[in-house]
Number of protein chains: 2
Amino acid sequence: MYVSAWSANPVSADYLASTLCRNMERQVATRIAQQGALLKVQSDHIIFHEGDESDSVYEIVKGMVKLYKLLPDGRRQITGFVSAGDLMGLAHKDTFTHTSEAVTEVVLFRIPKARFDRFVDEVPGLARSLLNAAQDELHFAHDQLLLLGRKTALERIASFLLTMTERFGELVEGGTTSIPVPMRRCDIADYLGLTIETVSRGLSRLKKDGIVKDLNGGRTMLVDQDRLIDLSAGDDCVDM
Amino acid sequence: MYVSAWSANPVSADYLASTLCRNMERQVATRIAQQGALLKVQSDHIIFHEGDESDSVYEIVKGMVKLYKLLPDGRRQITGFVSAGDLMGLAHKDTFTHTSEAVTEVVLFRIPKARFDRFVDEVPGLARSLLNAAQDELHFAHDQLLLLGRKTALERIASFLLTMTERFGELVEGGTTSIPVPMRRCDIADYLGLTIETVSRGLSRLKKDGIVKDLNGGRTMLVDQDRLIDLSAGDDCVDM
DNA sequence: CGGGTAATTGAATTCGGTCAATTTGGGTGG
DNA sequence: CCACCCAAATTGACCGAATTCAATTACCCG
């Protein structure tokens, strides 16, 4: 049993976040909430393993989770970091396609897949809104293919910081933005297809150039978003 | 106008392939078919550009299409090769997220996005089946992230040939499978995050080892699926 | 039978990886 | 409160897989 740290609690509709219940009547949200339960998972604990029977769907309520795939010899690719409002375990296969591990302490909403599937079929517009979410994820995955296939180490690191900025950044002042960086170097490396040494060197370089500053021992960073955009090879300069 | 080679024809429901109309009553398929038209596109012609207004949804009826993204300096990442039964242009954004180019001569079914969206909302189960298709694509994209982030050149080439085998392979005899390889070396390279030289060297290596044989000037190949599975770093040896 | 593009092969280069040595910093217990 | 411990991060030196640059060969098409 990999998740020894779980503790289930009753749940109210208030916890159900964006993806699942956005554009949904409160009544329906409450009905869904009643079918599942909240769980707390300690950081570094595994939530589910690739290949396990996927009997549940999860929504992140709080904290950050990493999803990854492994090669037989242990090489690892993190396919994404998910956070509040994101869903996991949706694939219509009967096994999980990723391993899921808590980056920080995490609160999850868990609902049996069979019940979730009933809601998808019964609640008008839910399948559609999940389809939109899946297509957004797909779009993001394709950007990541471009990153892994064609960007240099420094471009990847800049792109990563930029993504964190877009998702979690809080504008501070004078063109600097504060971003949380809860994951370890080895997680960043396995997300960017690099080694921890290369990630470290890249970040040092960005610090030396004044584009990035550590705040509380690296858990938070101050970044210059504009210069990151330049460095990330104009990630989106064409279509944004 | 990038697609000078298009020619529109009347369309019957017979052309509508798997993704769109699988599990759908013939009557509905016919209704959808009446809302769109067939187009023929010559090989190497562009079907739509990344950033263009996405006013249509396409289903490939015949042939193969490549989808790619570009960096400002011209570096290219092919995110996928799509073929009969696959859909393009589904994203709910109002612009295309990829450029789409015909690898072979292609026949497409094209339907205005607004009409398509009406069907998605009206036809029971269509949103659900599109959701499943999107999740399969997502799963595939994540496998490709692992390939680009963590596999060696030879592993990538073996994985690519294996994917082609699974999608298009026809068992010949004695453990060999025949696969079509309609794309150029530079397409394979941009799909695998490599250069044409590295792809060429890898294929030469596989030929020397008797794992791959050219058939009609490289357009078709005979491959040893089992040995490809080994070489691809056990791509799916865990979950299959 | 050429002509031109695509593919292959070879040699030199380089970016990122590997191996190894320090440094940093958060947590713990005296 | 501080010294110690240990994991994580950083830095340095060297190495190697894949790229780059360059030359040759194969192949499709008129």
Side-chain angles (χ1 to χ4, degrees), chain A residues 42-44 66 71 73-77 101 103-105 147-161 181-209 212-221 231 233, chain B residues 42-44 66 71 73-77 101 103-105 147-161 181-209 212-221 231 233:
Chain A
Q42 300 303 318
S43 64
D44 296 331
K66 62 192 177 202
L71 288 172
D73 63 2
R75 280 174 287 174
R76 185 176 73 148
Q77 180 63 43
E101 190 176 324
V103 172
T104 63
E105 182 181 286
L147 179 147
L148 292 174
R150 290 304 181 205
K151 290 190 182 179
T152 66
L154 201 64
E155 287 168 353
R156 296 181 199 198
I157 294 164
S159 298
F160 166 71
L161 293 174
V181 186
M183 64 288 284
R184 296 192 231 302
R185 290 290 180 271
C186 68
D187 292 334
I188 299 176
D190 283 346
Y191 181 60
L192 299 178
L194 302 170
T195 60
I196 51 172
E197 292 94 332
T198 302
V199 170
S200 187
R201 278 184 250 271
L203 287 171
S204 297
R205 173 72 189 281
L206 294 176
K207 285 173 201 161
K208 193 160 65 70
D209 295 352
V212 167
K213 280 185 188 43
D214 269 9
L215 217 56
N216 56 344
R219 295 238 175 284
T220 307
M221 289 184 179
L231 280 175
Chain B
Q42 300 303 317
S43 63
D44 296 330
K66 63 193 178 201
L71 288 172
D73 63 2
R75 280 174 288 174
R76 185 176 73 147
Q77 180 64 43
E101 191 176 323
V103 172
T104 62
E105 181 181 286
L147 179 147
L148 292 174
R150 291 302 181 207
K151 289 190 183 180
T152 66
L154 202 64
E155 288 167 351
R156 294 181 200 197
I157 295 164
S159 298
F160 165 71
L161 292 174
V181 186
M183 64 290 282
R184 297 194 190 84
R185 290 290 179 273
C186 70
D187 292 334
I188 300 175
D190 283 347
Y191 181 60
L192 299 178
L194 301 170
T195 60
I196 50 171
E197 293 95 331
T198 303
V199 171
S200 187
R201 277 184 252 271
L203 286 172
S204 297
R205 173 71 190 280
L206 294 177
K207 285 171 202 163
K208 193 159 67 68
D209 294 351
V212 167
K213 280 186 189 41
D214 268 10
L215 217 57
N216 56 344
R219 293 238 175 285
T220 308
M221 289 184 180
L231 279 174

Non-hydrogen atoms of A/Gln77 and A/Tyr191 that approach each other most closely: NE2-O, 3.1 Å
Is it the case that atom CZ in A/Arg75 sees more than 12 heavy atoms from other parts of the structure closer than 6.0 Å? yes
How close or far is atom P of D/dA26 from atom NZ of B/Lys207, stated in whole angstroms? 12 Å
Does B/Leu194 reach the side chain of B/Ile157, with side-chain heavy atoms less than 4.5 Å apart? yes
Side chain to side chain contact (heavy atoms under 4.5 Å, CB included) partner of A/Lys151, the single match among A/Leu148, A/Leu154, A/Leu147: A/Leu147
For a 4.5 angstrom cut-off between non-hydrogen side-chain atoms, does B/Leu206 reach B/Leu231? yes
Rounded to the Å, how far apart are B/Asp214 CG and D/dC27 P? 8 Å
Going by number, which of residues 184-196 of chain B have a non-hydrogen atom under 4.0 Å from DNA chain D? B/Gly193, B/Leu194, B/Thr195
Could you check if a side-chain atom of B/Asp214 sits within less than 4.5 angstrom of a side-chain atom of B/Leu203, using non-hydrogen atoms only? no
Identify each atom pair where a protein N or O and an N or O of nucleotides 12-17 of chain D are less than 3.5 Å apart, giving names and distance.
residue: D/dG12; atom: N7; partner: A/Arg201; partner atom: NH1; Å: 2.9
residue: D/dG12; atom: O6; partner: A/Arg201; partner atom: NH2; Å: 3.4

Reading DNA chain C 5' to 3', which nucleotide is the first, and which the last, to come under 4.0 Å of any heavy atom in chain B? C/dA6 to C/dA11
Atom NZ of A/Lys208 to atom P of D/dT11: distance rounded to whole Å? 10 Å
Is A/Arg184 salt-bridged to A/Asp44, cutoff N-O under 4.0 Å? yes
Do B/Val181 and B/Ile188 have side chains that approach each other closer than 4.5 Å (heavy atoms only, starting at C-beta)? yes
Are more than 12 heavy atoms from other residues, nucleotides or ligands located less than 6.0 Å from atom CZ of B/Arg76? yes
Contacts of type side-chain contact (heavy atoms from CB on, under 4.5 Å), residue B/Arg219, not counting sequence neighbours: B/Asn216
So do A/Lys66 and A/Asp190 actually touch side chain to side chain, heavy atoms under 4.5 Å? no
Identify whether any heavy atom of A/Ser204 sits under 4.0 Å from a base atom; if not, whether one sits that close to sugar-phosphate; answer base, sugar-phosphate or nothing. sugar-phosphate
Separation of D/dA18 P from B/Arg75 CZ (nearest whole Å): 19 Å
The criterion is side-chain contact (heavy atoms from CB on, under 4.5 Å); which residues satisfy it with A/Ser43, sequence neighbours excluded? none
Using the closest heavy atom to pick a nucleotide of DNA chain D for each, name whichever of A/Thr198 or A/Arg150 lands nearer the 5' end. A/Thr198
NZ (A/Lys207) with more than 12 external heavy atoms under 6.0 Å: yes
For the helix from C/dC1-D/dG30 to C/dG30-D/dC1, what is the angle between the axes at its two ends, each from 5 pairs, rounded to 10°? 40°
